[in-house]
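This report refers to the structure that appears directly beneath it.
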Number of protein chains: 2
Amino acid sequence: MLAAQRRTLLLDRLARDRRVIAKDIAAELGLSEDSIRRDLRDLAAAGLCQRVYGGALPASPAIADYTARQAVSVDSKQRVAVAAAALITPGSTAILDGGTTALAVAQALPATLSATVITHSPTVAAALGTHPHVEIYLLGGRVFKHSMVACGAAAVEAASAVHADVFLLGVTGVHPDAGLTTGDPDEAAMKRALAQRAADTYVLASAEKIGAASRFTVLPLDAVAGIITDAPASDDTLDHLTARGVPILRA
Amino acid sequence: MLAAQRRTLLLDRLARDRRVIAKDIAAELGLSEDSIRRDLRDLAAAGLCQRVYGGALPASPAIADYTARQAVSVDSKQRVAVAAAALITPGSTAILDGGTTALAVAQALPATLSATVITHSPTVAAALGTHPHVEIYLLGGRVFKHSMVACGAAAVEAASAVHADVFLLGVTGVHPDAGLTTGDPDEAAMKRALAQRAADTYVLASAEKIGAASRFTVLPLDAVAGIITDAPASDDTLDHLTARGVPILRA
DNA sequence: AACATGGCTGCATGATCATGCATGTTCCTG
DNA sequence: CAGGAACATGCATGATCATGCAGCCATGTT
């Protein structure tokens, strides 16, 4: 782990847990507390966190949000993202959903990839800006702040004009009965509209999503071409899904 | 392996793993760490990655925007941005252009601002994500990579559906004869369409833009409500503009 | 064929940085 | 107020870095 990565890890934890304890992080990373303290001191000097006795607190909600975008490497989402990125083949057209996992997919695309990516997420589009050979098509509309995606009637309308080979769909739950779910009705409608515009829909489902269900159904399970997950092979929910004929792609 | 191939390999690894460690890559490719370091140094200079102690990290979109292009006149843009941010008043609706100066405006908005911002730049929209009370409306279309804004027929069409109080327009040149200019015809058309949708258009023009002219005219000088600049008060070009009745707002 | 040029590479050098430990200080808790 | 935990600081060590230099190779020129 690079020292610079450790700092983003600290900011990430800060955003997630709303606090950081120097001793715990030192033990977790196998470093001396001195190094962690030095990091926290420097981050505080840069205004990125607030130093307190025993650890640190977030500097402000805005900063915490900003840093949360820079996810740290080898975690569950990253594995799923790398596997999903392989589905966007050179020359193809893909629809990329919003959310943190889809953002990780955008960042995991090889820098040399030549393809067309359609997205309703400004964050994803911004991340794709560093890929010189990726054509970006942005779907506009009212931006739903929680997940930073364009939703609503205008966005659905804009989606109706596109066609793609694959749609990489992010959800908050994959459940044997409830199907694929998310937390907002407008978001669900937008995802549903996007699924209709692609030949194949693949679901991005890091391990914690498997077996979970949110309030609004996006699609039934049999409407997708595959579910990409890093959940362990012995997962009961996955066995149910496999029994129903839903292809599981191991990340 | 050619040196150029090695660089693309580094960028791909960076996308896949979210980091690169100089020592590991050197061992893997059978090269000295010096060569890898040289590569990373050059890639960082090109804005394609971020050099850190021990290796490199991916360049974040915002950073790529700033470093790759005008790392110059950052202070100048910042002053203009702060002055322009004051034009987006609480409760109003503003159209915010793309480009680095407009991005600076987005970042200069107070965190407590309650307003509606319409933009065709995914980068600007992403930056506004941290403002909890700013309603974001995204205009979609094909994204023009150089300045990261949606352009083309679909974007112009989407623009026709909105209405705003002010439009903060970014240009590359403000010239007494050529008027307000930019470097791309589609971009110019999009900016023109946006100007029609706002009651007042203000131009973001940091000092180096004054007196410059690019190839495509966006608007004549008398079509705008004001030009926001930090150019010195004794500037000849500004005197010409003032003589023609164009209001100058000092940043 | 002989030579010059320029890019790429590896090595050596001194500088810089990250880290852990020791020391003395400050802070929290009971 | 006492004990212990957390802290800042200085220092030693090893890793990493920038720079300059020399060798190698491909290319183009005489």
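Lettering of chains follows the sequences in order, A, B, ..., and the numbering in each one begins at 1.
- Contact annotation: Ser35(B) does not reach the phosphate of dC8(C) (side-chain N/O to OP1 or OP2, under 4.0 Å).
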Would you sort out whether Arg6(B) and Leu31(B) count as a side chain to side chain contact (heavy atoms under 4.5 Å, CB included), showing the intermediate values? CA-CA 11 Å; Arg6(B) 193 177 58 239; Leu31(B) 288 171; 3.4 Å; yes
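- Rounding to whole angstrom units, CE of residue Met1(A) and C1' of dT19(C) are separated by 15 Å.
- One atom, CD1 of Ile36(A), and another, P of dT19(C), lie 8 Å apart when rounded to the nearest Å.
- Across the protein-nucleic acid pair, Leu31(B) atom CG and dC24(D) atom P stand 17 Å apart, rounded to whole Å.
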Short heteroatom pairs, N/O only, protein and nucleotides 11-17 of chain D, under 3.5 Å:
residue	atom	partner	partner atom	Å
dA15(D)	N3	Tyr53(B)	OH	3.0
dT16(D)	O4'	Tyr53(B)	OH	3.0
dT16(D)	O3'	Gly54(B)	N	3.3
dC17(D)	OP1	Arg51(B)	NH1	3.2
dC17(D)	OP1	Arg51(B)	NH2	3.2
dC17(D)	OP1	Gly54(B)	N	2.7
dC17(D)	OP2	Arg37(B)	NH1	2.6

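- Qualifying salt bridge (charged side-chain N to carboxylate O under 4.0 Å, His left out) partners for Asp200(A), counting only residues two or more places apart in sequence or in other chains: none.
- Here dT9(C) presents its C1' atom at 14 Å from CG of Leu29(B), a figure rounded to the nearest Å.
- In terms of heavy atoms, Lys145(A) sits closest to Pro132(B) at NZ-O, 3.7 Å.
- Atom C1' of nucleotide dA18(C) and atom CZ of Arg6(A) are separated by 8 Å, given to the nearest angstrom.
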Stepwise side chain to side chain contact (heavy atoms under 4.5 Å, CB included) check, Val149(B) with Val143(B): CA-CA 5 Å; Val149(B) 291; Val143(B) 175; over 6 Å; no
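- The pair Arg13(B)-Glu28(B) meets the salt-bridge criterion, since a charged nitrogen lies less than 4.0 angstrom from a carboxylate oxygen.
- The overall bend of the helix from dA1(C)-dT30(D) to dG30(C)-dC1(D), read as the angle between its terminal helix axes built from five base pairs each, is 30° when rounded to 10 degrees.
- Residue pairs meeting the salt bridge (Lys or Arg N to Asp or Glu O under 4.0 Å) criterion with at least one partner in residues 104-117 of chain A, sequence neighbours excluded, do not occur; the list is empty.
- Salt bridge Asp230(B)/Arg250(B): absent, no basic N to carboxylate O contact under 4.0 Å.
- Under the salt bridge (charged side-chain N to carboxylate O under 4.0 Å, His left out) criterion, Asp184(B) pairs with no residue, sequence neighbours left out.
- When rounded to the nearest whole Å, the span between CG of Asp34(A) and C1' of dG10(D) equals 12 Å.
- Residue pairs meeting the side-chain hydrogen bond (donor to acceptor under 3.5 Å, both in side chains) criterion with at least one member in residues 202-212 of chain A, sequence neighbours excluded: Ser206(A)-Glu208(A).
- We find that CD of Gln5(A) is positioned 14 Å from P of dA18(C), with the value rounded to whole Å.
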